[in-house]
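I have placed the structure first, in the form of structure tokens, so that the comments after it can refer back to it.
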Amino acid sequence: GSNLPDRTAHLAAGRAGLAALPDTALIAASTVEETEPLGGLPQEPYLNQMVLLRTGLTPRVLLQGCLAIEHAEGRVRGERWAPRTLDLDIVRYGDLSVREPDLVVPHPELPHRAFWQRELTELLPYAR
């Protein structure tokens, strides 16, 4: 997701960055949707989109790739829930479950974010 100008360009850079990761292919992308920000800080709405990847990367290496893509798009990590150029989350990784201090998969907020549920449903036909 992105809520700092140019949101559309930041999402495009995120998709391109993910597709360029080693041993990774972008299989499908959901519809882009505008959502209200979470966390209570006053800020602009987000554009959100989910992608389906096929990857040979481990979840840890995929996370490192996501963080590098965010950084390349100018993401500065400061206050939690603050506006951001790009936020890439690993929402699911097949049927794998990961529980580490800085990496939890499936993402713990998955059941609470209706837009993620919609986007996952949209991508489901491509996951087979």
Side-chain angles (χ1 to χ4, degrees):
S2 174
N3 76 334
L4 292 175
D6 176 358
R7 300 178 305 170
T8 301
H10 290 304
L11 286 183
R15 288 189 307 272
L18 290 167
L21 290 172
D23 199 19
T24 300
L26 193 149
I27 304 302
S30 73
T31 303
V32 174
E33 63 179 298
E34 189 170 80
T35 62
E36 290 302 312
L38 302 170
L41 292 177
Q43 57 187 298
E44 297 300 314
Y46 278 81
L47 284 186
N48 280 291
Q49 181 178 44
M50 187 174 285
V51 298
L52 175 66
L53 301 175
R54 181 178 307 122
T55 186
L57 302 178
T58 65
R60 169 65 51 200
V61 174
L62 179 59
L63 175 61
Q64 292 167 346
C66 289
L67 295 174
I69 295 164
E70 289 177 352
H71 181 74
E73 277 303 293
R75 169 84 186 261
V76 176
R77 291 185 178 271
E79 184 175 4
R80 185 173 184 184
W81 304 111
R84 55 205 65 180
T85 54
L86 186 63
D87 184 32
L88 299 176
D89 292 303
I90 302 172
V91 177
R92 290 187 51 202
Y93 191 100
D95 294 327
L96 189 64
S97 179
V98 178
R99 298 281 181 262
E100 298 175 9
D102 61 340
L103 178 60
V104 177
V105 180
H107 195 290
E109 290 300 314
L110 176 57
H112 310 291
R113 295 188 183 168
F115 63 95
W116 276 356
Q117 298 294 327
R118 287 189 298 272
E119 293 164 3
L120 275 173
T121 299
E122 185 178 345
L123 294 175
L124 190 61
Y126 302 97
R128 297 191 170 94

To check you understand the geometry: which heavy-atom pair defines the closest contact between [X] and [Y], and what is its length?
X: V104; Y: R99; value: CG1-NH1, 3.0 Å
X: I69; Y: G14; value: CG2-CA, 4.0 Å
X: L26; Y: L53; value: CA-CD2, 3.8 Å
X: D89; Y: W116; value: OD2-CZ2, 3.6 Å
X: P83; Y: N3; value: CA-OD1, 3.3 Å

Evaluate the side-chain proximity of [Y] to [X]: yes if any heavy-atom separation is below 4.5 Å, no if none is.
X: I90; Y: H107; result: no
X: P45; Y: R7; result: yes
X: L18; Y: C66; result: yes
X: L96; Y: V105; result: no
X: R84; Y: Y46; result: yes
X: L38; Y: R113; result: yes

Side-chain heavy atoms nearer than 4.5 Å, only ILVMFWY residues, links allowed to pass through others: does that put [X] and [Y] together?
X: L86; Y: V51; answer: yes
X: Y93; Y: M50; answer: no
X: F115; Y: L120; answer: yes
X: L67; Y: V98; answer: yes

Inset, instruction - Check E33, E119, R15 against Q49 for a side chain to side chain donor-acceptor pair (under 3.5 Å) and give me the one that passes. - result: R15

Legend entry - E73 side chain vs A13 backbone, donor-acceptor pair below 3.5 Å: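 No, the answer is negative, given that no donor and acceptor are paired below the 3.5 Å cut-off.
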
Legend entry - Main-chain N/O of L110 paired to Q117 side chain as donor or acceptor, under 3.5 Å: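 Checked: pair present.
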
Legend entry - Among D87, T85, V76, side-chain contact (heavy atoms from CB on, under 4.5 Å) partner for E70: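 Testing each of D87, T85, V76 against E70, the sole residue satisfying side-chain contact (heavy atoms from CB on, under 4.5 Å) is D87.
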
Inset, instruction - Would you give the length of the straight line joining atom CG of L52 to atom OH of Y126, rounded to the nearest 0.5 angstrom? - result: 10.0 Å

Legend entry - Approximate separation, where rounding is to 0.5 Å, of T35 OG1 and N48 CG: 4.0 Å

Inset, instruction - Please assess S2 against T8 for the test side chain to side chain contact (heavy atoms under 4.5 Å, CB included), listing each intermediate value before the final yes or no. - result: CA-CA 8 Å; S2 174; T8 301; over 6 Å; no

Show every donor-acceptor pair shorter than 3.5 Å between a side-chain atom in residues 54-65 and any protein atom, with sequence neighbours excluded, or say none if there are none.
{"residue": "T55", "atom": "OG1", "partner": "D23", "partner atom": "O", "Å": "3.4"}
{"residue": "T55", "atom": "OG1", "partner": "T24", "partner atom": "OG1", "Å": "2.7"}
{"residue": "T55", "atom": "OG1", "partner": "L57", "partner atom": "N", "Å": "3.0"}
{"residue": "T58", "atom": "OG1", "partner": "V61", "partner atom": "N", "Å": "3.1"}
{"residue": "R60", "atom": "NH1", "partner": "D102", "partner atom": "OD1", "Å": "3.4"}
{"residue": "R60", "atom": "NH1", "partner": "D102", "partner atom": "OD2", "Å": "3.1"}
{"residue": "R60", "atom": "NH2", "partner": "E100", "partner atom": "OE1", "Å": "2.4"}
{"residue": "R60", "atom": "NH2", "partner": "D102", "partner atom": "OD1", "Å": "2.8"}

